[in-house]
Amino acid sequence: MNSKRVDELIEKHRTEKGPLISILHDIQEEEGYLPEATLSYLGDKLNTPLGEIYRVASFFSKAFTFEKKAKHTIRVCQGTTCHVKCSDHVLEEIQEELEKIKDDNFGEHENFSMEKARCLGCCTSAPNVEIDGEILDKESAKKTIIKLKGEK
Amino acid sequence: MKVKSIRDLNKLKSEGEKLLRPKNIRVQVGTTPYALSRKARDVIEKLKKELDQQNIDATVVRVGCVGICYEEPVVEVIIPGKPKVTYGSITVDKVPSLVKAISKGKAVKKYALYRTDQEEIICSGKTFSYASRVPSDYKKIPLACEFKFFQPQVRIALRNAGIINPDSIEEYVARGGYSALSKALTKMTPEKVIDVVIKADVRGRGGGGFPAGLKWKTCREAKGKEKYVLCNCSEGDPGIGMHKTLIESDPHSILEGLIIGGYAIGAMEGYIYLHYGYASGKEKLLKAIDQANEYGLLGKNILGSDFSFSIILKEGAGAYVCGESTALMATLEGRSGEPRPKYIHTAEKGLWDCPTNLNNVETWCNIPPIISRGAGWYGKIGTKSSKGTKVISLTGNVNRSCLAEVPMGTTMKEVINKLGGGIVKGTKLKAIGVGGPPAGLLPASLADLPIDFDELVKAGSLLGSGGMIVMNDKTCVVDMARFFIKFLEEESCGRCFPCREGIKRMREILDGLSAGIGKDEDIDLLQEIVDCLSEASLCDLGKSAPNVVRSTLRYFREEYKIHIQQQVCPSKRCTM
Ligand SMILES: Cc1cc2nc3c(=O)[nH]c(=O)nc-3n(C[C@H](O)[C@H](O)[C@H](O)COP(=O)(O)O)c2cc1C
């Protein structure tokens with residue numbers, strides 16, 4: 001992120017007391033991760049030690065990442081209701097599906113990042129998988145992965 | 001338009017009434033995440049298209065959630081002069097026949113769940129009548145009060161859920177919204193407001209059940225010029241989604257509660273701490289805040305009084321511990337969300353060291369009707385020590401997952417059978433988890449216990465947030481204990497030793513048990529860690545973390561023993 005954009009984000013949250021987390025959210029959303037150079041510049045501007053910024057960002061490891069995310073995000077819900085409905089097995093199956101892709105010559109495994117989600121807030125249809133924001137059941141999720149793999 | 005007086009508010013109200021009961025037909029569709037995953041969006045498009053093609057003068061409105069999740073997408077049709085009809089499981093291919101019936105002013109019995117002839121408006125106590133005469137084809141559809149899902153319910157916090165368009169302040173006002181604020185500002189002193197909340201004996205819905213009025217009073221009396229009121233929409237509990245429903249269905253009820261709280265406590269600013277990743281909830285709340293500002297229900301000199309108040313929305317960053325009051329405040333300040341010891345109460349030194357009052361979303365939603373109708377009215381609902389209602393999100397191995405609101409004192413069995421339609425066929429009820437990770441599990445034999453703060457504590461559980469997860473005999477309690485403990489291990493902030501190390505050790509022991517390599521002395525060791533954690537942890541995360549182990553050891557000790565002595569998992573859930 002260029003320094004001009006960082007300045008704009010700081011300006012956007014100028015009237016906010018304790019704006020650090022809000023600014024980090026914006027950077028994460030726009031860049032897909034928190035680049036070190038951006039954080040370093042932000043630290044100078046906010047007069048906050050870089051260590052403190054990293055302390056906050058790494059504390060909230062679910063919201064902030066330090067590496068760019070893959071193109072497609074698969075989130076397998078591991079909330080309580082999903083667990084009661086054996087979401088740990090779903091996780092294994094999705095992992096296997098991704099492993100298969102890895103061996104394939106088609107798609108790049110790096111196109112997918114898989115996360116365990118705490119709760120997708122859709123417990124009625126548990127167990128749930130979310131791919132790029134859409135909530136699916138296990139079988140449709142597998143199909144979607146294969147479909148996305150086919151797309152270049 | 002700025003609302004400066006009761007007259008202005010009444011004008012807004014009549015605009016809202018025109019929207020809620022227009023001269024043309026109103027078709028409303030629920031749009032919660034689950035409804036959307038069941039293609040509610042396509043249903044809306046199809047409805048619009050069909051209505052258009054058949055030249056019917058109708059408005060399609062997106063509403064929140066009535067709570068009948070198992071029947072999503074839910075569509076409601078209001079034809080002027082006819083009862084309101086609620087249809088369930090409406091798919092795109094059912095739309096044409098539905099629209100055809102609408103065009104003839106008829107109802108489709110086979111898709112209908114229930115009909116509503118008249119509706120009570122909670123904030124005013126008045127009833128609104130949809131139809132004075134019920135046509136014969138409508139009579140075959142059961143009334144809402146005959147529909148099993150509504151029988152055990154009293155809807156105070158969910159009073160508008162699924163009925164109004166959450167983006168419309170007019171519709172909120174038409175349902176008696178902001179009249180409590182107007183009453184408080186024009187007819188009541190702050191002390192009087194607090195007095196009503198104390199008399200109503202509202203206990204916090206966020207878990208602990210602390211009396212809200214008492215907390216408000218302490219904060220009002222605390223020294224300090226700047227004070228804050230906060231709304232906790234953290235919802236870190238995995239496996240429920242009810243804050244989300246409250247926010248997405250009726251955001252203004254949260255704002256109104258918070259503004260009244262600000263007035264009573266003497267705060268100029270309120271913060272809503274929103275769970276990370278609730279994009280749709282965030283959008284609804286921001287819109288509601290904008291509207292309230294635009295109409296002068298937030299900002300300077302609200303309703304022409306000398307009270308000024310603003311609300312700021314801040315998004316959290318996804319840590320469970322941030323639901324804890326001091327961690328939540330640290331996060332709002334832009335710091336990492338670690339709790340601090342509470343030798344000094346947050347009511348005296350909270351956010352930026354100023355007196356601060358934190359309440360849960362559902363607590364805030366309850367405030368406006370209490371102010372409007374009085375403590376006497378509220379006191380009649382619920383039990384002796386737990387007044388009012390509780391929103392329950394029911395999931396797990398029940399036939400029907402749903403979101404409902406029942407009077408305190410309703411038994412868990414009633415909730416499971418009446419709202420949930422019983423346990424999944426061929427299986428038996430084994431355990432109930434009521435309030436998320438810190439609440440532990442209760443055995444089927446205690447299903448007759450009422451939903452009541454004190455009764456559940458006596459049984460070694462907690463009402464917590466009210467996320468009720470029902471487990472059948474395919475569930476292994478050792479596995480469930482391990483699941484919750486793993487969750488808490490990941491979520492422990494690591495600041496204090498007992499929580500950081502204790503939870504980890506419990507997890508290691510439980511790993512061993514479920515892998516079939518448990519030892520006889522493990523049970524005693526678990527018990528020892530349980531006692532140590534609840535004594536020595538810094539915050540309630542660590543203090544309550546062992547509850548799940550404690551309660552399962554208390555009620556399901558045999559199952560632990562079988563895991564150890566026979567190295568088998570009776571429910572075949574653990575892979576040994
Ligand atoms: C680890 C932990 C997590 C919590 N999570 C929540 C939460 O998600 N929502 C909530 O309202 N309260 C939560 N609480 C309780 C709050 O700290 C606080 O007691 C509550 O918001 C006060 O509001 P009430 O009195 O209206 O219930 C949590 C407490 C702890 C210790």
Side-chain angles (χ1 to χ4, degrees), chain A residues 13 15-26 28-29 34 46 48 51-65 75 77-89 92 115-130 133-137 140, chain B residues 32-34 36-38 69-70 72 235-241 243-245 275-279 312 314-320 322 331-338 351-352 393 395-397 400-403 433 436-437 467 469-472 474-475 479-480 483-484 486-487 491 493 573:
Chain A
H13 296 283
T15 56
E16 185 177 324
K17 283 182 257 179
L20 180 59
I21 294 175
S22 308
I23 297 175
L24 292 179
H25 271 309
D26 284 346
Q28 173 80 35
E29 195 175 311
L34 301 178
L46 293 180
T48 305
E52 172 63 18
I53 296 187
Y54 268 99
R55 178 184 150 100
V56 172
S58 60
F59 183 87
F60 297 108
S61 57
K62 276 184 228 78
F64 304 122
T65 54
R75 303 172 73 207
C77 189
Q78 303 291 304
T80 315
T81 309
C82 285
H83 181 79
V84 169
K85 304 213 169 156
C86 300
S87 56
D88 42 342
H89 299 168
E92 283 165 19
E115 296 168 11
K116 292 191 239 175
R118 274 282 181 258
C119 180
L120 298 171
C122 198
C123 312
T124 310
S125 51
N128 293 313
V129 182
E130 187 192 81
E134 194 178 349
I135 290 177
L136 304 163
D137 61 25
S140 347
Chain B
T32 48
Y34 184 58
L36 293 177
S37 80
R38 299 253 296 233
C69 308
Y70 57 93
E72 293 289 359
E235 191 149 82
D237 287 7
I240 55 176
H243 293 176
K244 213 169 167 167
T245 308
H275 187 75
Y276 160 68
Y278 271 12
I312 297 145
K314 274 216 185 196
E315 209 180 349
Y320 173 65
C322 293
T331 312
L332 285 179
E333 291 173 14
R335 297 185 289 119
S336 63
E338 286 176 19
L351 193 62
W352 287 294
S393 121
T395 59
N397 303 125
R400 299 163 169 182
S401 295
C402 60
L403 191 109
I469 299 176
V470 177
M471 298 161 203
N472 65 10
K474 297 214 165 88
T475 313
D479 173 70
M480 281 316 294
F483 167 80
F484 280 125
K486 259 165 119 171
F487 169 82
E491 292 296 339
C493 78
R573 182 72 167 88

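Only a predicted model underlies this, so the values are computations on that prediction, with no experimental measurement involved. Each chain gets a letter, A, B and so on, in the order its sequence line appears, and its residues count up from 1.
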Between NZ on residue Lys244(B) and SG on residue Cys119(A), distance to nearest 0.5 Å: 7.5 Å
Which portion of Thr331(B) sits near chain A, non-hydrogen atoms under 4.5 angstrom: both
Proximal component of Lys314(B), with respect to chain A [non-hydrogen, under 4.5 Å]: side chain
Partners passing salt bridge (charged side-chain N to carboxylate O under 4.0 Å, His left out) against Glu491(B) (at least two apart in sequence or in another chain): Lys62(A), Arg118(A)
Side chain to side chain, Met480(B) and His83(A), heavy atoms closer than 4.5 Å: yes
Which atoms of Leu332(B) approach chain A - backbone, side chain, both or neither, heavy atom under 4.5 Å: backbone
Any side-chain heavy-atom pair of Ser37(B) and Cys122(A) under 4.5 Å: yes
Contacts of type ring-ring contact (aromatic ring centres under 6.0 Å, His included), residue Phe60(A), not counting sequence neighbours: none
Under 4.5 Å from a heavy atom of chain B, the part of Cys86(A) involved: both
Point-to-point distance, once rounded to the nearest 0.5 Å, from CD of Glu333(B) to CD1 of Ile21(A): 10.0 Å
Sub-4.5 Å side-chain heavy-atom contact between Cys493(B) and Phe59(A): yes
Student check: side-chain heavy atoms of Phe484(B) and Thr80(A) closer than 4.5 Å: yes
Proximal component of Glu338(B), with respect to chain A [non-hydrogen, under 4.5 Å]: both
Contact leader toward chain B among Val56(A), Leu20(A), Leu24(A), Thr124(A), where contacts are heavy-atom pairs under 4.5 Å: Thr124(A)
Pairs of heavy atoms under 4.5 Å with chain B: top-ranked of His25(A), Lys85(A), Glu16(A): His25(A)
Which portion of Ile53(A) sits near chain B, non-hydrogen atoms under 4.5 angstrom: neither
